[in-house]
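Residues take their numbers from the sequence shown, with the count starting at 1.
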Amino acid sequence: MRILTTLHMIAAGAALTAGLTASAQDGTTAYQFLNVTPSTHAYALGGHNITVIDDDINLIEQNPALLGPEVDHQVGLNYMRYFGSTNFMGVRYGQGINEHSAFAVGLQYFGYGSIDETDATGSVIGSVSASDMAFNATYSHDITDNLRGAINVKFLYSKYADFSAAAIATDLGINYYNPDNDLSLSLVVKNLGGQVKKFNDTKDKLPWDVQLGWSQMLSSSPFCLSVTAVGLNKWKLPYYEPADKNSATSELVKKDSFMRNLMRHLVLGIEYVPTERMYIALGYNYRTRTDMSTYHRNFLSGFSLGGGLRVKAFGFGVALAKPHSSATTLMFNLTTSISELMR
């Protein structure tokens, strides 16, 4: 039992720091890998963005309503390298059904590497591994010319040493996009569902979430602003900071003001989009910065940066962040259209 608890916390912690927004301070630990985006575009914009419009199948993990016939026969690959032996990677495939519908399937893997196994006295007696996997199936349909709805069903499997668990989750999304005004609005409800196989006698809850998003190009300029509100199913998101930040043993002080709670719900992003084939994005996630307050955060904590380029049938994306002083996360995306390759 002790091994299971330790592995569960390690895996959740790895997902926390890599995903940037899953809070270890609010007491939720189960299935936090679901908060780790596989999209470099969303990662660069702060880790959450449900409204960005791009020909990139990796974005449908953020909002299934971003899937459409425009990603017909597109394959997307993603990879994140974190410190130590932690690796996250996945693949997705999308296909149009007709002019107004599309479907996609995908697999995401979260590997936390080898972890020391200890006995009751703390002596190392071997090593074990921990990993999570998510299998995805997505369907979208155009309700009107500007409005699209979609559903994403996920089968989740976790294996920590000799323990395993499984769950089923569903994402529901809707997106309004007005190309004449370059305006995108979205609403997403994520991770509805529950466990079908428990680690032990305790049933873990999924990190369900309600999100609202807005993206708008600024007049005729090549800049786009995005605001994504996350965690709307729970207003209070308090956190703790050391009273004396120069002391490792300082007493922790609870931060729970109105403005702090508000900012912990908001993820801000801006991107430079000179053409449809290129973007440079910068994001700021205040919740990440405050979550890292007890983990030796640095000046860059909460910020993320990335860019993307499309050359012929291939799209490339890269994003990076440094949530605290001892961790730099780096993510890569590759997309390609099978139809274009066969022309």
Q. Relative to each other, are the rings of F33 and F110 parallel, tilted or perpendicular (30° and 60° limits)?
A. tilted
Should side-chain heavy atoms under 4.5 Å link Ile, Leu, Val, Met, Phe, Trp and Tyr, which residues sit in the same cluster as [X]?
{"X": "Y177", "result": "L45, V52, I53, L59, L66"}
{"X": "Y279", "result": "V273"}
{"X": "I50", "result": "V188"}

In chain order, what residues pass the side-chain hydrogen bond (donor to acceptor under 3.5 Å, both in side chains) check against [X], with sequence neighbours excluded?
{"X": "S158", "value": "D132"}
{"X": "D72", "value": "none"}
{"X": "H100", "value": "none"}

Q: State the CZ-OG distance between F88 and S131, to the nearest 0.5 angstrom.
A: 11.0 Å
Does any pair with a residue in [range] pass salt bridge (Lys or Arg N to Asp or Glu O under 4.0 Å), and if so which ones, sequence neighbours excluded?
{"range": "residues 303-321", "result": "D54-R310"}
{"range": "residues 37-53", "result": "none"}
{"range": "residues 168-192", "result": "K154-D171"}
{"range": "residues 85-110", "result": "none"}

Q) What ring pair (Phe, Tyr, Trp, His ring centres under 6.0 Å) pairs are there with at least one residue in residues 209-235, not counting sequence neighbours? A) F223-Y272, W235-F258, W235-H265
Q: Kindly write out the residues that satisfy side-chain contact (heavy atoms from CB on, under 4.5 Å) with K197, not counting sequence neighbours, or none if the list is empty.
A: S164, A166
Q | Cationic N near anionic O, under 4.0 Å, R148 to E70 | A | yes
